Amino acid sequence: MPSESLRWETLEALKNSSKGKLKYSPDWLEKGEVNILGEQKRLLSLMHVMHVCFLSQAELSLRQEQQERLVATVSICESEQLKRYEELMELKQRQEYQSMRDMLEKETQESLGRQEKLREEHRHRMKILNLRLREAEQQRLREAELERQRQVEGRERHRAINAIQEEVLQLNQLLQPRPSTLTDPALDHTPYITRGNQLCSQVSEVVPASADVSPHPPVEDLTVAERALQEMRSLVRNLQDEVAQAAERKRKEQEEEEEKKKRHEELKAQQEEQKKTAARSAKEKAKKEGEGSLQTGADESTLKWYNALQDAASQCAQAFDELSKAKDTQTKKLKMELQKAATTPVSQIANISGAPLKEAFEKIDKLLSSRPVTSAGKTVCTSQHPQGLEFVSYKLAEKFVKQGEEEVASNHSAAFPIAAVASGIWELHPKIGELILAHLHKKCPYAVPHYPPMESGTSVEDYQKILGYRVDDSKVEGQDSFLKRMSGMIRLYAAIIQMRWPYTGKQGPHPHGLNHGWRWLAQILNMEPLADITATILFDFLEVCGNALMKLYRGQFWKLILLIYEEYFPRIEAVTSTGQMGSVTRLKQFLETSLRTKQIPVPKSELGSAFFRS
């Protein structure tokens, strides 16, 4: 039909038009493209026109109705979509606004942080600047104070130099001879006066120089002046000392003469008193049947033994004379090392435990056996010198006795550990024992026992040395000090004769055992007692060795103790003055307690088997 053909032509024309070529996308509303919506509306309108043109009236009406509903529906959808789009756009605007606001706030905070940092840096710089300013001010004040001090010190130096010059001139006047010393030909003032004038010139040269160079004298000038003053004072002191020494020498010479006369008279009186006492005792003893007088000294056999030991010690000392008098550095050094190696172990002996005691013993034994030992970090051996063994033996024995004289005298408990080592060394090296006895008898003749008489031509000082007193610069030690030393050596001897070294393999007799103690005790009782010393050594000997003698000699020992108490002790009291009764009282109490209890206790410091196992 023409109308049908016309409709298709119209549709074809619309299709080929620019509007008909538009493409519809369901995503336009979601993407928010407003222009596409308008195009859709126009397209719908065109479609509606075409339908109106080509459809029938009924269809057109139906379609128009449908189209209206569709348009209404589309309109509603479009309206909803537009609202959603507007809401979306509003949300985006709000987000952009919030993002912009957040960014501005962040920038503001960063800006505030930078400002705070700048302010902090500014405060720090100000603090540093203020600190530097304060330091600069303090430095300026210090420099000002130093300058002030320099000025003050300069003025003080100036005044000090003037005062020194004045004192030097005054001291120089004291160097001039006085009328009282002009008559003494031993005093020559000329060297003092000459040097004094030189020192005055030195000070005089310093004073004007210090004034010309600067307002205040330097320290060097003051030092020169002070040295001159010190030397001037020394000159005056030396001169005064020389004058005083001359007077003191005369006074001492007179006092020494008087003291020697006094001592000689006292010693003579003491000997006379001893003779009178011996005579009285002899008369008293003569009244008793079978009783004779006591000896005033040791018997001939004892003196022979005593002299033989002294001769052996002298020969030993002569044997190392070359080493003793060596002058070359190497030999002198070796001598000192050998002496240390010999004496140091003895000094280390103590009653702590057996192990250190054994160590000291082994060191001494090695040294005497010509084996190398380490002392003070150095290795030394007696074979390093031909006279090394003789030297070590002599010094070792001397050290043992010195320990008794000093260590045991101050600490009675030290007697037994020293005696144990000495006894063990004596057993392995008998020569050491002989030297120990020789040194002991020389320092303490009462250990022989021997009371040396005063021979003609012997001075009082020499005789007191023979008796065991220490005499230094004509001054004799006090009686308490003398008794204390003698007590220490007697205690050491009493410990040696009963001690055995437990570690030795030998099973023979003691090299100097209790039989010698019994001999010593019997010899003492055959000699007239001396004031103070006899009571002291008897008490010390019996306290240390009494228990061992009691166990060995039993009944004979108690007879001897009774003899001491009834017959010998009254003799001791007879020769003892009132001021010397301390030792006598101790001996009496010991004898009375022993006889009453029939027991002598073991010494408190005696070493038992448990000690040597420790």
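Remember, it's a predicted structure, so these values are computed and weren't measured experimentally.
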Ion pair present between [X] and [Y], side-chain N to carboxylate O less than 4.0 angstrom?
X: Lys92; Y: Glu96; answer: no
X: Glu390; Y: Lys431; answer: yes
X: Arg159; Y: Glu156; answer: yes
X: Glu86; Y: Lys83; answer: no
X: Arg485; Y: Glu477; answer: yes
X: Glu116; Y: Arg119; answer: yes
X: Glu87; Y: Arg84; answer: yes
X: Lys443; Y: Glu398; answer: no
X: Arg150; Y: Glu147; answer: yes
X: Arg140; Y: Glu137; answer: yes

Whether the [X] and [Y] side chains hold a donor-acceptor pair (N or O, under 3.5 Å, no angle test) is what I'd like checked.
X: Ser423; Y: His510; value: yes
X: Glu242; Y: Asn238; value: no
X: Glu143; Y: Gln139; value: yes
X: Gln98; Y: Arg101; value: no
X: Gln151; Y: Arg148; value: no

Give the minimum heavy-atom separation between [X] and [Y], together with the two atoms involved.
X: Leu338; Y: Gly388; result: CD1-CA, 4.1 Å
X: Ala225; Y: Ile164; result: O-CG2, 3.5 Å
X: Leu368; Y: Ser393; result: CD2-OG, 3.9 Å
X: Ser369; Y: His429; result: OG-CE1, 3.7 Å
X: Val373; Y: Lys363; result: CG1-O, 3.6 Å
X: Val421; Y: Leu357; result: CG2-CG, 3.8 Å

What's the spacing between [X] [atom1] and [Y] [atom2] if we round to 0.5 Å?
X: Glu405; Y: Leu440; atom1: CD; atom2: CG; answer: 10.0 Å
X: Asp540; Y: Met489; atom1: CG; atom2: CE; answer: 11.5 Å
X: His412; Y: Glu407; atom1: NE2; atom2: CD; answer: 11.0 Å
X: Lys117; Y: Glu110; atom1: NZ; atom2: CD; answer: 12.0 Å
X: Tyr394; Y: Leu323; atom1: OH; atom2: CG; answer: 13.5 Å
X: Arg123; Y: Asn130; atom1: CZ; atom2: CG; answer: 13.5 Å

Are [X] and [Y] side-chain neighbours, meaning at least one heavy-atom pair lies under 4.5 Å?
X: Glu78; Y: Ser75; answer: no
X: Ser111; Y: Gln115; answer: yes
X: Lys335; Y: His385; answer: no
X: Leu199; Y: Leu235; answer: yes
X: Arg233; Y: Val236; answer: no
X: Leu229; Y: Leu171; answer: yes
X: Gln403; Y: Ile349; answer: no
X: Ser410; Y: Lys484; answer: yes

For [X] and [Y], indicate whether the former's side chain and the latter's backbone hold a donor-acceptor pair under 3.5 Å.
X: Ser487; Y: Leu483; result: no
X: Gln498; Y: Asn547; result: no
X: Ser99; Y: Gln95; result: no
X: Glu166; Y: Asn162; result: no

For this session: Please state whether the rings of Phe361 and Trp501 are parallel, tilted or perpendicular, taking 30° and 60° as the class boundaries.
Result: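 Ring orientation of Phe361 relative to Trp501: parallel.
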
Problem set entry | side chain to side chain donor-acceptor pair (under 3.5 Å) between Lys604 and Ser413, intermediate numbers included | CA-CA 8 Å; Lys604 296 180 180 177; Ser413 63; over 6 Å; no

For this session: Carefully, step by step, assess Leu118 and Glu121 under the rule side-chain contact (heavy atoms from CB on, under 4.5 Å).
Result: CA-CA 5 Å; Leu118 289 174; Glu121 290 177 357; 4.0 Å; yes

Exercise. Please walk me through it: do Glu145 and Arg142 pass side-chain contact (heavy atoms from CB on, under 4.5 Å)?
Worked result: CA-CA 5 Å; Glu145 180 64 21; Arg142 282 195 296 269; 5.5 Å; no

Exercise. When you look at CE of Met103, are more than 12 heavy atoms from neighbouring residues, nucleotides or ligands closer to it than 6.0 Å?
Worked result: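 Enclosed.
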
For this session: Run the numbers on Arg586 and Glu543 for side-chain contact (heavy atoms from CB on, under 4.5 Å), then give the verdict.
Result: CA-CA 11 Å; Arg586 286 193 297 271; Glu543 188 179 51; over 6 Å; no

For this session: Check the pair Glu362 / Asp365 against side-chain contact (heavy atoms from CB on, under 4.5 Å), numbers first and verdict last.
Result: CA-CA 5 Å; Glu362 290 175 349; Asp365 181 42; 5.6 Å; no

